[in-house]
Amino acid sequence: MDRRVAQAAVILLVEGLTVRDDPPLRQLCPAWADLVDRHQTGRLAWPPEELDPTLEQPGLFALFGMPYGVDPEQDLPVGSLLARYLGRPDASRHSWACLGFTHLQQVQAELRCVSKHRTGQTQAEIHALAEALLADYELEGWQVHAGQHSVILLSTPRPMTVRTTPLQRVEGRTTLDILPKGRDAATLIRLLTTGQLILARHPLNRARQDQGRLTLNTPWIWGVGREQDPPEQDQPGQNQPEQGHSEQELGHEQKRKPEPTPGNMTSPSAVKGVCWTAEPLVAALAQSDGWETTILDETETLPDNWIAGCLAQMAKGRKVIIHLQAPSLLVRHGLVQERQERLRLFGEHVVTPLMTALREGTASLVVLSGPVLDSTGAILPDPSPWVVVPAGLPSRWQRFWQAGRRGSGPTFSPQQFRQEWLS
């Protein structure tokens, strides 16, 4: 890639953009096809560990400058990372985990999990169920804390060695395939079993059943561990998410402004740009890497003034990351037509306006696919595509520059891609 055009950019990272045996991209969405046909393309080789469904996207860790070594018996420390992102002063002194809720349904002789997106959970329901677990989990040495969106946090002073399956990967899988494994697996399985007994008699689940909704009959715990070496750089304080509530406030959502602590302040000149995402993990990784973060709702609806926001960042020589994950979720749910419609809408309401807004400017547009998926949502070893629409090149030079590059181009690791566009 040409570093002359890598100063300011909008980086569009779309998980589920590429599925093996897809119809031609032009058929899926003309706006995407136009990018690939006319501009520089290449491939991104996500790390092979991404094939392990018990891992929480190690390629994203590497992309944001946190290339954790993958231990076959230890989770990536997602809970600890989110605790630090939410300003928990004890984030580095405890083992942390993420807590969510799923529905187990019997399919013939097997118990299969249902994703949180299919169960239709609300924040109030999640906090009410977490509050119901407080007393029993405290007897096991765990504290329950409010988190971000549909994620609650757990903490314990004990070191924990365990491998779990992230909640976003449980859809359609059997419990025997995804139960915790490793030295401390029995501890987590005991928490899950205790939680199932509590949730079975919870009034909220009886009400959901009466309404014809799936009950949230099983807690799910993942991302367990302690972050040993957090990045040395300061954290940006602007657009900080809400602070975690105390245990007594779990059932009551309250708006709070973040406290200005040394761990979440930085000078405006040190900020790389802004990251918009609906995924708390991506927001936490981005903040650790020096980005301001704005959490979207689960529909991934960008704010009304998002184009103006992009241009304002460009004027400061900064970058914008827009992270979208809905297509990958729809793949895991087997919703092929819905995914295609979502890609069409992304092209119409995101890609095309960006192309228009950046046409006369000095910023590049970078579109990056998440890992290649199969038809069930499993991650494949194939490298995924990226495409760059460079800024500041006259059209005749652009045509010359692109000659012979269609469908080819360099293959980068996440670290190399980061060096080119995110550093």
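Because only heavy atoms are used, hydrogens play no part in the values below, and waters and symmetry mates are left out as well, while side chains stay in. These figures come from a predicted structure and were not determined experimentally.
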inquiry  = A quick test of your reading: do over 12 heavy atoms of other residues, nucleotides or ligands sit less than 6.0 Å from CG of Asp304?
reply    = no
ask   = For the atom pair OG1 (Thr102) and CD (Glu171), what is the distance rounded to the nearest 0.5 Å?
value = 8.0 Å
task = Start with the C-alpha distance between Leu324 and Leu12, add both sets of side-chain angles, then the distance that settles side chain to side chain contact (heavy atoms under 4.5 Å, CB included), and finish with yes or no.
result = CA-CA 8 Å; Leu324 304 170; Leu12 182 60; 3.8 Å; yes
key: Heavy-atom side-chain proximity of Val320 to Trp276 below 4.5 angstrom   = yes
message = Would the distance check show the side chain of Asn217 and the main-chain N or O of Leu104 forming a donor-acceptor pair, the cut-off being under 3.5 Å?
response = yes
query = Where the side chain of His127 meets the backbone of Gln123, is there a donor-acceptor pair that is under 3.5 Å apart?
reply = yes
ask   = Any side-chain heavy atom of Ser369 sitting closer than 4.5 Å to one from Trp46?
value = no
message = How close do Cys113 and Ile178 get, counting heavy atoms only, and between which atoms?
response = SG-CD1, 3.5 Å
inquiry  = Would you say that Thr293 contacts Thr277 through its side chain, given a criterion of any heavy-atom pair below 4.5 Å between the two side chains?
reply    = no
key: Main-chain N/O of Ser413 paired to Gln416 side chain as donor or acceptor, under 3.5 Å   = yes
task = Could you please spell out the steps behind the side chain to side chain contact (heavy atoms under 4.5 Å, CB included) verdict for Ile321 and Val274?
result = CA-CA 6 Å; Ile321 299 173; Val274 63; over 6 Å; no
ask   = After noting the C-alpha distance and the side-chain angles of Leu368 and Phe417, does the key distance pass the side chain to side chain contact (heavy atoms under 4.5 Å, CB included) rule?
value = CA-CA 10 Å; Leu368 171 62; Phe417 197 91; 3.8 Å; yes
request  = With side chain to side chain contact (heavy atoms under 4.5 Å, CB included) as the test, would you mind laying out the steps for Val366 and Val387 before giving the verdict?
outcome  = CA-CA 6 Å; Val366 181; Val387 59; over 6 Å; no
inquiry  = If I take atom OG from residue Ser328 and atom CZ from residue Arg342, how far apart are they, to the nearest 0.5 angstrom?
reply    = 10.5 Å
request  = Check for a donor-acceptor pair, side chain of Asn305 on one end and backbone N or O of Ala308 on the other, with a separation under 3.5 Å.
outcome  = no
query = Between Lys272 (side chain) and Leu422 (backbone), is there a donor-acceptor pair under 3.5 Å?
reply = yes
message = Show me the pairs that pass ring pair (Phe, Tyr, Trp, His ring centres under 6.0 Å) and involve residues 294-344, at least two apart or across chains.
response = none
query = For residues Ser155 and Trp142, is any side-chain donor paired with an opposing acceptor at under 3.5 Å?
reply = no
inquiry  = Taking the side chain as everything from C-beta on, heavy atoms only, tell me whether Thr356 gets closer than 4.5 Å to Pro353.
reply    = no
query = Between Asp289 and Arg418, is there a salt bridge with N-O shorter than 4.0 Å?
reply = yes
task = Kindly compute the distance separating OG1 (Thr165) from CH2 (Trp220), expressed to the nearest 0.5 Å.
result = 6.0 Å
message = Please find the pair of heavy atoms, one from Val282 and one from Leu60, that lie closest to each other, and give the distance.
response = CG2-CD1, 3.9 Å
request  = Please collect all salt bridge (charged side-chain N to carboxylate O under 4.0 Å, His left out) contacts where either partner lies in residues 56-69, sequence neighbours excluded, each pair once.
outcome  = none
query = Are Arg208 and Glu125 within salt-bridge range, i.e. N to O under 4.0 Å?
reply = yes
inquiry  = Atom CD of residue position Glu341 - does it have more than 12 heavy atoms of other residues, nucleotides or ligands inside 6.0 Å?
reply    = yes
inquiry  = Minimum heavy-atom separation for Ala8 and Met314, please, with both atom names.
reply    = CB-SD, 4.0 Å
inquiry  = Do the side chains of Lys116 and Glu298 get close enough for a salt bridge, i.e. N-O under 4.0 angstrom?
reply    = yes
inquiry  = Looking at Glu348 and Arg344, is any side-chain nitrogen of the basic one under 4.0 Å from a carboxylate oxygen of the acidic one?
reply    = yes
Under 3.5 Å: donor-acceptor pair, side chain of Arg43, backbone of Pro410 = no
key: Val78: which of Cys98, Pro280, Pro166 passes side-chain contact (heavy atoms from CB on, under 4.5 Å)   = Cys98
query = Any sub-3.5 Å donor-acceptor pair from Tyr137's side-chain atoms to Val144's backbone N or O?
reply = no
ask   = Hey, are the side chains of Leu86 and Leu153 touching, using non-hydrogen atoms and a 4.5 Å cut-off?
value = yes
inquiry  = Side chains of Gln57 and Gln168, heavy atoms from C-beta outward: is any pair under 4.5 Å?
reply    = yes
inquiry  = Distance check, rounded to the nearest 0.5 Å: His349 atom NE2 versus Thr301 atom OG1?
reply    = 10.5 Å
inquiry  = I want to check something: taking the side chain as every heavy atom from C-beta on, are Pro327 and Val14 in contact at a cut-off of under 4.5 Å?
reply    = yes
ask   = Roughly how far, to the nearest 0.5 Å, is CZ of Arg84 from CZ of Arg88?
value = 14.5 Å
key: Test item: Asn205 side-chain N/O and Thr215 main-chain N/O as donor-acceptor pair under 3.5 Å   = no
inquiry  = Could you check whether any side-chain heavy atom of Trp291 comes within less than 4.5 Å of a side-chain heavy atom of Leu285, counting everything from C-beta outward?
reply    = no
message = Quick test of your reading of the model: are Asp52 and Arg163 salt-bridged, counting only N-O distances below 4.0 Å?
response = yes
side-chain contact (heavy atoms from CB on, under 4.5 Å), paired with Leu354, selected from Val350, Val351, Thr352 = Val350
query = Is Asp22 salt-bridged to Arg339, going by a charged N under 4.0 Å from an acidic O?
reply = yes
key: Heavy-atom pair of closest approach, residues Ala146 and Ile152   = CA-CD1, 4.4 Å
ask   = Hey, is the main chain of Gln325 close enough, under 3.5 Å, to the side chain of Glu300 for a donor-acceptor pair?
value = yes
inquiry  = Below 30° counts as parallel, above 60° as perpendicular, anything between as tilted: where do the rings of Tyr68 and Phe61 land?
reply    = perpendicular
task = Kindly check if the number of other-residue, nucleotide or ligand heavy atoms within 6.0 Å of CD (Glu73) is above 12?
result = no
task = Would you kindly say whether Gln196 and Thr218 are connected by a side-chain donor-acceptor distance under 3.5 Å?
result = yes
note = dist Arg169:CZ -> Leu55:CG (nearest 0.5 Å) comes out at 7.5 Å
query = With a 6.0 Å cut-off on ring centres, are Trp386 and Phe412 close enough?
reply = yes
For Leu216 against Leu199, the heavy-atom pair lying closest together = O-CD1, 3.2 Å
inquiry  = Please check: side-chain N/O of Ser80 versus main-chain N/O of Glu227, any donor-acceptor pairing under 3.5 Å?
reply    = yes
task = Please report the closest heavy-atom contact between Pro390 and Ser364, naming both atoms and the distance.
result = CA-OG, 3.7 Å
request  = Applying ring pair (Phe, Tyr, Trp, His ring centres under 6.0 Å), name anything that partners Phe101, two or more places apart in sequence or on another chain.
outcome  = none
